Asks: 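Got a structure for you, questions after.
What you see is a predicted model, and the numbers here were worked out from it, not measured in a lab. Below, chains carry the letters A, B, ... as their sequence lines are ordered, and counting in each starts from 1.
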Amino acid sequence: MSLLPFCEWLAGTNGSIALHESLYVYPIAESVHVWTLVVFVGLGVILDLRLLGVALRSVPVTELVERLGPWVVAGFVVMAASGSLLFYAVPVRTYQSVWFRSKMVFLVLAALNAWVFHSGVYRSVARWDLATTIPRRAKLAGAISLVLWAGVILSGRFIAYNWFDCDHQPQSALVNALAGCVVEPDTPPR
Amino acid sequence: MNGLSAFQWLESTGVGRAIRESTWLFPAIEGVHLLAFAVIGGALLLVDLRLIGIGLRRVPIAVVARDAERWLLGSLAVMAVSGTLLFLSEAVKCYYSPPFWVKMSSLALAVLFTFTVRRRVTLISDAAANPMRDRVIALTSIALWGGVAWGGRWIGFSG
C-alpha cells in the first residue's frame, strides 16, 4: 500500500502550507531538530562508548542508563516532534526521498537494537556493571548503535539534497523504485 | 591585504574550488561535521549536566571530566578540520554572513573558557565544594557553545 495519496492530502492541508511558506517556523523547527542531536545522540553515544569499554570505564553502566536515560528519552521526544513538523511541511517530496526512507530504516533498526539490548543482556547488568570484561552482546549493541545512528544522521542530512528527486527524470529504475516515483512510461528525457 | 580580499583568496585556493565544484564533497564533509557535532555536544553536556547536578551523580566530577576531555578534543579536531574545509569552499559568503562572525567569536570564547576556567574547576580543584560556582560555569559553557551551534546552523540560512 502506498502512502502517497495520504501525503498528497497532507500537503494540501492549511497547516502544511502555512508551515511550508513560513519564514521563521520552518527554519526554527529544523534548527531545534539539529541542536537536539546533542542531547539525544550525543548522550546516547556516551552510553554506546561505555558499552564498548572505551569511555567512563569507572562509571557503572546502570548509573549511565539511569541518569542519562531520561535525557535521551526527552531528546527523542523533541526530535520526533520537530521531525514530524518538518515532514508535515514537505510531505510528498520527503516521502519520495530515498534518504528519508533510508533514515526510517536506520531508525527502526536502531530501535530494534535498543530493544534487544534492554530486554536481553542488560537484564544481567548487575553481573557486569563495573566488570573489566564487558559481555560481547553488550559491546555489539554499542557498536551497532553507533553505526545505525550515524546512518540516521547522514541520511537525515542528505534529505536536503535533490540528487535523486522524482522530478529529476530520467534516472535509474532502481532509484525510482526505491523512492517510489510515479513515472510515466513514455516520459521524454529532459 | 584587507579582510575581504583575504577571504576571496582563501575561496580561490584549489581545495575550496574542488569542494565547490564537486556534487558530493560538500555534503559529505558536512555530514562528518554533523556527526562530530553530536559527539562534541555529548562530551560537553555530560560534564555540564554533572556540574549542574542533573546528570551523573555517583561519580566525581574530575573522573567524568577527564574522560570526556578525550572525546571533546577528538571531536573538536574533526570539527575544526571539516569546518575549515567547508569554510574554504564558501569563504566570501561567510565574510558577509553575521552568523559566521557570531559563530567564530563564540567559538574563540568557548574554547578559551573551556580549557581554562572550566577545565581548572572540573579537573584540578575540588569541584564538589561549591555547587553555585559549578552551576554558573556549566551554564556559561552551555551558553557559549550554544552560540557556536546557533551561528553554525544559521550560516546555512543566510545568504
Asks: Under a 4.5 Å heavy-atom cut-off, does chain B meet the side chain of A:Ile46, its backbone, both or neither?
Replies: side chain
Asks: Under 3.5 Å, is there a donor-acceptor pair between the A:Tyr88 and A:Thr13 side chains?
Replies: yes
Asks: Checking B:Ile54 against chain A: side chain, backbone, both or neither under 4.5 Å from a heavy atom?
Replies: both
Asks: Below 4.5 Å from any heavy atom of chain A, which atoms of B:Ala43 appear? Answer side chain, backbone, both or neither.
Replies: backbone
Asks: Heavy-atom distance under 4.5 Å to chain A: side chain of B:Ser75, backbone, both or neither?
Replies: neither
Asks: For the CZ atom on A:Arg137, are there more than 12 heavy atoms of other groups (residues, nucleotides or ligands in this structure) within a distance under 6.0 Å?
Replies: no
Asks: Check whether A:Leu43 gets within reach of chain B through its side chain, its backbone, both or neither, counting any heavy atom under 4.5 Å.
Replies: both
Asks: Below 4.5 Å from any heavy atom of chain A, which atoms of B:Trp150 appear? Answer side chain, backbone, both or neither.
Replies: both
Asks: Give, as side chain, backbone, both or neither, the part of B:Arg66 having an atom under 4.5 angstrom from any heavy atom of chain A.
Replies: neither
Asks: Checking A:Trp35 against chain B: side chain, backbone, both or neither under 4.5 Å from a heavy atom?
Replies: both
Asks: Need one label for A:Leu49: side chain, backbone, both or neither, based on atoms under 4.5 Å from any heavy atom in chain B.
Replies: side chain
Asks: Does NE2 in A:His118 sit with more than 12 non-hydrogen atoms of other residues, nucleotides or ligands closer than 6.0 Å?
Replies: yes
